[in-house]
Amino acid sequence: MSIFASPTSWIESGALDQCRQVAALPGMRHVAGMPDLHPGKGAPIGAAMTSSVLYPFLVGSDIGCGIAVFPFKLKRPVPEKLATRFPDLDVPDRSFFDEADVPAGCTDSLGTVGRGNHFVELARVGTVFDIDHADRLGLAGGDLVLIVHSGSRGLGERILRAHTEVHGAGPAEDPAAYLAAHDDAVRWGSLNRRVMAARVADALGAEHEPPIVDECHNSVEVRDGLYLHRKGAANGDGRDVLVAGTRGTPSFLVAGHAGADAGYSVAHGAGRKMSRADALRRGKAKHTVEELRRTPVGSLVVCGDRQLLFEEAPTAYKRIEQVIGDLVEHGLATKVVSTVPLVTYKTADVEPRRRGGRR
DNA sequence: ATGTAC
């Protein structure tokens, strides 16, 4: 077991307990904890876990969840104006995809963001740390990007449930069959992010390009004859990854250089510091809805759900700079650019949410 | 995390 966090980076003991439990599973060879490590449901989040057998529960239900970055071009990006123009990403819009292109034929929720830590954010490139690398990606300071964090919605959940109903937390009896369904969910998740980018571009009157970064962080792959599970950990083996900050702090686009001891992975975000229940309780005492909807960096958060706003408050997360610092210090990644949010969409701004209506 | 489980 290797944990890639400096001694000053606080890691909840429950997450380390979960890592030890996973490390003790039959066939487990290596567990790598990322600096955003925190407890999950049964398995730690922010970990790369390598074993001789495939454990679907280590990937979790949101198979193929990931973060994509799309270059956006907009004339005058005024957050107050743009926030009112975001499409309702809680409901699908079939005019943005062709049914024939959808993996597993699952079209019901394609192009929707979901809940929890998922978000769609229009951001501006802030600090450029590696000019050459940023240039290769076509990025310069001040450029606009759309960051989309979402996954496979109900599809991945159904794939995990089909396994757990029979085998619980046990290994896949037919790894090839699981992997085939998993790969569909990974492709579906990536398409989901692209459909959302198209929807947002259309609604904002923006030009957008294909993603320059799109890495999922809940997945399993066969590597060196073993199953490399990633839960809240992105492929950091020569890949570029957007490590998400919070709704009100920058995010960092990094170049991954992670080796075997790190499970060829990098962190996927700031990592929760508080459980959702704690964040809700403490957040209500500490913040007003207004200060969570207009952040210290001047961005706006579109979120008609008060509870979600508190659960996802920046103070419920670790400091992203510390997480990135740990990645850099351990040689897992180098910084390329930071992004600073302008508008972050969490869920429609009206409560109760409108269903199926047009804007 | 989830057209969810208690």
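Because only heavy atoms are used, hydrogens play no part in the values below, and waters and symmetry mates are left out as well, while side chains stay in.
Partners of A:Asp184 under the side-chain hydrogen bond (donor to acceptor under 3.5 Å, both in side chains) rule, at least two apart in sequence or in another chain, are A:Arg187. For A:Asp132, the side chain to side chain contact (heavy atoms under 4.5 Å, CB included) partners two or more places apart in sequence, or in a different chain, are A:Asp130, A:Arg136.
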Could you list, one pair per line, each protein nitrogen or oxygen that sits under 3.5 Å from a nitrogen or oxygen of nucleotides 2-6 of chain B, together with the distance?
unit_1 : atom_1 : unit_2   : atom_2 : d
B:dT2  : OP1    : A:Arg153 : NH1    : 3.2
B:dT2  : OP2    : A:Arg115 : N      : 2.7
B:dT2  : O3'    : A:Arg153 : NH1    : 3.2
B:dG3  : OP1    : A:Gly154 : N      : 2.8
B:dG3  : OP2    : A:Arg153 : NH1    : 2.4
B:dG3  : OP2    : A:Gly154 : N      : 3.3
B:dG3  : O6     : A:Asp108 : OD2    : 3.2
B:dG3  : N1     : A:Asp108 : OD2    : 2.1
B:dG3  : N2     : A:Asp108 : OD2    : 2.9
B:dG3  : N2     : A:Arg158 : NH1    : 3.2

Donor-acceptor pairs are to be reported for all side-chain atoms of residues 244-253 of chain A against protein atoms at under 3.5 Å, with residues two or more places apart or in another chain.
unit_1   : atom_1 : unit_2   : atom_2 : d
A:Thr246 : OG1    : A:Thr249 : OG1    : 2.7
A:Arg247 : NH2    : A:Gly245 : O      : 3.0
A:Thr249 : OG1    : A:Thr246 : N      : 2.9
A:Ser251 : OG     : A:Gly245 : N      : 2.8

Validation: residues 145-152 of chain A side-chain donor-acceptor distances under 3.5 Å, sequence neighbours left out:
unit_1   : atom_1 : unit_2   : atom_2 : d
A:His149 : ND1    : A:Asn117 : O      : 3.3
A:His149 : NE2    : A:His217 : NE2    : 3.3
A:Ser150 : OG     : A:Val113 : O      : 2.8
A:Ser150 : OG     : A:Asn192 : ND2    : 3.3
A:Ser152 : OG     : A:Ile63  : O      : 2.5
A:Ser152 : OG     : A:Gly156 : N      : 3.3

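The hydrophobic cluster containing A:Met274, built from Ile/Leu/Val/Met/Phe/Trp/Tyr side-chain heavy atoms closer than 4.5 Å, comprises no other residue.
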